[in-house]
Amino acid sequence: MTAKQPVFELENVSYSYPTGTKALESVNMKIYKGERVAILGPNGGGKTTLLEILDGLIPASHGSVKARGMILNDATINSNEMYGFRRKVGFVFQDPDIELFSPTVYDDVAFGPLHLGIPEEEVNIHVERALNLLGIEEIKNKHPYNLSGGEKRKAAIAAVLSIDPEIILLDEPTADLDPSSRAELIEIINRLNHNGKAIITATHDVNAVPELADRVYVLNKKIIAEGTSQKIFSDFELLKENNLEVPEVFKLFEVLQCFGYNCEDLPLSIDEAIEHLTRAVEVNGGHIHLHIHKHTHEEIGKLRSKYEHH
Ligand SMILES: Nc1ncnc2c1ncn2[C@@H]1O[C@H](COP(=O)(O)OP(=O)(O)OP(=O)(O)O)[C@@H](O)[C@H]1O
Ligand SMILES: [Mg+2]
């Protein structure tokens with residue numbers, strides 16, 4: 001078996017903005033080829049800053065950043081060495097307007113392939129493939145300025161996918177999307193991962209995390225915790241201290257627990273919930289027994305106050 005190949009290795013990375021704001025402190029992180037990783041953290045926790053460092057847009061103030069074997073620092077990120085890197089790493093910005101500046105969506109999606117040296121006769125194939133993947137062929141001739149928020153986000157994602165990167169950095173990709181577009185996007189991202197791409201998603205959308213990542217880093221300036229979604233979402237205190245919560249599906253099963261539903265690891269997504277319930281029904285001879293016992297109301301009360309916002 002071949003050893004896992006790291007695509008990003010960060011050691012003691014800190015970053016301070018020129019204004020003096022310290023956005024990252026001693027971040028250690030290793031991300032491997034083909035992985036699905038979420039960077040979960042509150043507003044201002046440093047997620048965007050971290051992705052900008054991974055993308056070589058800004059150099060770390062301290063510490064070492066290695067990306068696909070190349071050291072990213074002040075000197076290298078502005079050198080020709082970045083040329084190969086740019087074809088392999090795609091960054092979908094939190095603000096889609098940054099990526100959309102051409103007269104049409106088509107031109108914006110073609111921008112990457114054209115500027116990264118993909119032969120002109122092949123560019124159209126890349127653009128059409130990306131538009132098709134996002135289901136936005138019908139808006140390709142529109143001016144990006146005239147798109148809705150969700151359409152802009154899809155166009156910005158298509159503009160990154162058109163270069164067919166092997167690593168995709170996504171900054172709050174589910175923001176602005178309606179439920180059906182959100183579900184579609186999660187499916188697209190997972191399909192890309194299935195085809196071998198590493199997916200690194202920065203988000204505070206706790207409901208999306210279990211569906212988008214196998215491993216989670218909780219970031220609040222420092223790396224607060226690292227592990228599977230199951231591990232991270234089982235630590236309520238840690239989440240609360242960092243202005244985060246558990247997915248809604250998890251909460252629903254906590255309610256069921258108050259009514260006597262018996263299980264150890266609570267599900268975090270609809271798929272996990274289906275699996276869970278199926279197993280529970282099978283084990284219990286075709287039924288799930290819920291009941292109101294002596295402490296049910298008391299437990300529900302505790303649950304309510306646990307999730308109360310102050
Ligand atoms: N260009 C900048 N100049 C100065 N300070 C900045 C700049 N960009 C971000 N910051 C500060 O750095 C910290 C981290 O910001 P960052 O945008 O990385 O957080 P985030 O986790 O992406 O937040 P959000 O969830 O709101 O997108 C914040 O305190 C922010 O105010
Ligand atoms: Mg951000």
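Each ligand, and each atom within it, is numbered from 1 in the order the structure gives.
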_Is it the case that atom NZ in Lys222 sees more than 12 heavy atoms from other parts of the structure closer than 6.0 Å?_
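Atom NZ in Lys222 is not crowded, with 12 or fewer foreign heavy atoms closer than 6.0 Å.
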*Does CG belonging to Leu116 count more than 12 external heavy atoms closer than 6.0 Å?*
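Correct, the count exceeds 12.
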_Expected output: side-chain Arg182 to main-chain Pro173 donor-acceptor under 3.5 Å_ =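 No, Arg182 side chain to Pro173 backbone: no donor-acceptor pair under 3.5 Å.
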*Under the 3.5 angstrom rule, does the side chain of Asp214 hit a backbone N or O of Glu35 as a donor-acceptor pair?*
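Between the backbone of Glu35 and the side chain of Asp214 there is no qualifying donor-acceptor contact (under 3.5 Å).
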_Can you list every protein residue that has a heavy atom under 4.0 Å from any atom of ligand 1, sorted by chain and residue number?_
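Those residues closer than 4.0 Å to ligand 1 by some heavy atom are Tyr17, Thr19, Thr21, Ala23, Pro42, Asn43, Gly44, Gly45, Gly46, Lys47, Thr48, Thr49, Gln94, Glu172, His204.
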*Option passing salt bridge (charged side-chain N to carboxylate O under 4.0 Å, His left out) with Glu166 (candidates Arg68, Arg87, Lys197)*: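 The salt bridge (charged side-chain N to carboxylate O under 4.0 Å, His left out) with Glu166 is passed solely by Arg68 among Arg68, Arg87, Lys197.
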*Carefully, step by step, assess Tyr106 and Glu137 under the rule side chain to side chain contact (heavy atoms under 4.5 Å, CB included).*
CA-CA 9 Å; Tyr106 185 97; Glu137 298 96 328; over 6 Å; no
_Closer than 2.8 Å to the Mg ion (ligand 2), what protein N/O/S atoms do you find?_
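Sorted hits: Thr48 OG1, Gln94 OE1.
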_Under 4.0 Å between a side-chain nitrogen and a carboxylate oxygen: does that hold for Lys231 and Glu226?_
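So Lys231 does not pair with Glu226 through a salt bridge.
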*Evaluate the ring planes of Tyr261 and Phe253, with Trp represented by its six-membered ring, and classify them as parallel (under 30°), tilted (30 to 60°) or perpendicular (over 60°).*
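Correct class here is perpendicular.
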_If we count only N and O atoms by modelled type, under 3.5 Å, do the side chains of Tyr307 and Glu254 hold a donor and an acceptor together?_
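On atom types as modelled, these side chains qualify, holding a pair under 3.5 Å.
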